[in-house]
**Q** 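This structure is in C-alpha cells; I'll ask about it shortly.
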Amino acid sequence: MNALPLILPQPQRVFPGGEPWVFRMRGHRSVDWSLKVTHSPGLAGAAALLAGYLETENHVPVDVSEGGGGAIHLAQGLESRPVPSALAVAGFGDERHRLEASAERISIEAVNADGAVRAIQTLRQLLSGQRARLLVPGLVIEDEPALGWRGLHLDVARHFFSAPDVKRFVDLAALHKFNLFHWHLTDDQGWRLPVPGYPNLEKVAAWRDGTLVGHDGDRDRNATDGVRHGGIYSEEEIREVVAYAAARGVRVLPEVDVPGHVQALVTAYPEFGNTGKAPGVRTCWGIGDTTLNLEPETLGFLGAVVDTLTRLFPFHYLHFGGDEAKPGEWAASARVQARKAELGLHDDQDVQSFFTRWLHRESAARGRAMIGWDEIIEHDGQPQETAVMFWRDSEKEDRELDKKALRGGHPLVLANWSRTYFDLYQEAGPGMGFEPLAIGGSLPIEHVYDWRLLERLSGEPIASLLGGQAQVWTEYIPTRRHLDYMVYPRACALAQVLWTGERREGWPAFADRLAAHLPRLDRLGVAYRPSEPRP
Ligand code: TNX
C-alpha cells in the first residue's frame, strides 16, 4: 500500500483504512453514469460546491440529492463544541470535520457547512488530477483548525483586479482552508467601491492617469507609464464575490481606508479634504499627505459608506484602515482646529481616534463592529469591541500594540509584516536580483513557515485572539500571473501555520508535503514561484 496522500495544510489526524474507494464512469457494473452525492438537509450548498469541483476538475457527471446512500455522503453529524467567544461574535463556528474513504463510500461528517466545505477541499486535493476514474485510498481524516481567523488580504486599489480574478483568488485561498478574504478596496491610487449618491467615485476616484515606472524609492516619482489605470466594481459583482466566497466558507472583510490613504477620494471630492484642492489620484507609491477633514459633509459621506458596506457585506467586521494618517494637514488647517474645539478634541492624535470612535459607533448602530490597523489603539479610549489588525513587526520594532490590544480585550488579528507581507521579495541575498521588482525586504517561504505566532503572546490573556492573515499589497503586482507568483507557494506555508498552530511538522516534512501539493496548483494553472535553484 502506498503512503497516504499529503494534504496541505497538514491535517490533525490521518489514519490508514482498508480498501480504496473507486468510481468508474463506464465500469461494467455501474448502473448509472453519474456519481451520486447525497447530503443531509443543511448541506445542499456544500454538496453543490463539491459537484461543481467534480464536474469541472474531474470531468465526472454528478447527481446531487438530499437523503442518504450516495457514493459520497455529506452529513451534519458531529456534535458542536463551543468556539471562543471573540470568534463566535464574529460569526465563526466549529469547523471540525471527519472524512472517511472506504470501498463502500466516502463519507464526510461535520458540525456545520463550514466544516463540510473544509472537508470538501481535502477531497478536492485527494482527487486532483484524476479524470473520469476516481480513486481515494482507504483512510480516515479527522481535522480542525488551530486558529479561527485564517485570512488572505488583497489590495485591489494599487492595481485593479477584476471580479473573476478576485473569485479565483478566493477559490485558491479556500483550497488551502483559509476562511477569510480581506478586500482592500480603497487607497490613494484608486477607489473600487460604488457608493450611491457619489458618482465622482466612479468617474474620478476609480482612475489614475498613469502608474510609476520602476521603484518608488529610486526613481523620479513623475516617471509614469502614462497609461490610464483603474476600475470600480458594480454592486452586482460585489454580491457575486461575497456569495462565491460564502459558498466556500470564506467570509469577506471589506476595507475602506480612512482617514489617510484618501488621495483618490479627495481628488473626486476635494471638499472632504483639508486644502480645498484636488491632489490628483496618486500615480506613485509611498505615503501621501492627504487626509479627511472633520466637516459634517465628510462624516455624511462616511455614513453612506457604512450603509453601503453593511448592505453588501454580511460579515460582522467592517475595516476602516486607520494606518499611516499623517497629522500635517490637520495641524495646518484652521477649519480642523475649529472643528476640534467644537468636538472637544485636544491633539491631532485625537483626530485619528475621533474617526475610529465615530466609525465604530456607526458600525455598532448597524449591528457591526469596526476593525482597523494597529495605529487605531496607539491612542487610548477605543471601545473594547473595536478589533485590531497588528501589522507592525514586533520582532524588529518591538511595538507592543498586539499585547496592548489583548490586555484591553480588543479582538486581535496578527498580520505582522515581516512574516505575512507577500509583497516582499521571496529570496534574500544576491538571488533577489533574479526576482521581479518588489516593494523591498525579503520574506522567503521558510521564514513564513517558521512564524511562531503565539510564542510572543505567551503569558498574555489571549481570549480575544482571533487568528492571523497575510497581506498582498499590489504596488508592484500588476497582473494575475504576477499575483500567483507572489502569493504561492508562500500562502501554502501560512495556511499550514494557521491551521496547525504551534504543533506543526518540521520544515523538511513540510517541504515534502509542498512538493506533493504543487502539481495540484499546476493543474489549476497557478503560476507560483518555482523552488528550483536559479542558474
Ligand atoms: C504599509 S500595512 C501599508 C500599505 C503598503 C504596504 C507595503 C499598512 C496598513 N499600510 O499601504 O501597501 O505597507 O508593504
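Each ligand, and each atom within it, is numbered from 1 in the order the structure gives.
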**Q** Just one of H182, H261, H184 clears the ring-ring contact (aromatic ring centres under 6.0 Å, His included) bar with W373, so which one?
**A**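 One option only clears the test, and that one is H182.
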**Q** Looking at P444, is its backbone amide N or carbonyl O close enough to the side chain of R490 to form a donor-acceptor pair, meaning the two atoms are under 3.5 Å apart?
**A**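 No; judged by distance alone, with no hydrogens or angles, the pair does not exist.
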**Q** Any Lys/Arg nitrogen of K340 or D350 sitting under 4.0 Å from an Asp/Glu carboxylate oxygen of the other?
**A**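 Result for this pair is no, no salt bridge flagged.
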**Q** Could you tell me whether R504 sits above the aromatic face of Y449, with NZ or CZ closer than 6.0 angstrom to the six-membered ring centre and within 45 degrees of the axis?
**A**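 The answer is yes; both the distance and angle limits are met.
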**Q** Please tabulate protein-ligand N/O pairs under 3.5 Å for ligand 1, atom names and distances to 0.1 Å.
**A**
{"from": "ligand 1", "atom 1": "10 (N)", "to": "D323", "atom 2": "OD2", "distance (Å)": "2.9"}
{"from": "ligand 1", "atom 1": "10 (N)", "to": "E324", "atom 2": "OE1", "distance (Å)": "3.4"}
{"from": "ligand 1", "atom 1": "11 (O)", "to": "R158", "atom 2": "NH2", "distance (Å)": "3.0"}
{"from": "ligand 1", "atom 1": "12 (O)", "to": "R158", "atom 2": "NH1", "distance (Å)": "2.8"}
{"from": "ligand 1", "atom 1": "12 (O)", "to": "E475", "atom 2": "OE1", "distance (Å)": "3.4"}
{"from": "ligand 1", "atom 1": "12 (O)", "to": "E475", "atom 2": "OE2", "distance (Å)": "2.7"}
{"from": "ligand 1", "atom 1": "14 (O)", "to": "D423", "atom 2": "OD2", "distance (Å)": "2.7"}

**Q** Is the gap between the ring centers of W183 and H319 under 6.0 Å?
**A**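 Between W183 and H319, the centre distance exceeds or equals 6.0 Å.
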**Q** Check step by step if side chain to side chain contact (heavy atoms under 4.5 Å, CB included) holds for D380 and K404.
**A** CA-CA 10 Å; D380 294 337; K404 180 175 176 180; 2.6 Å; yes
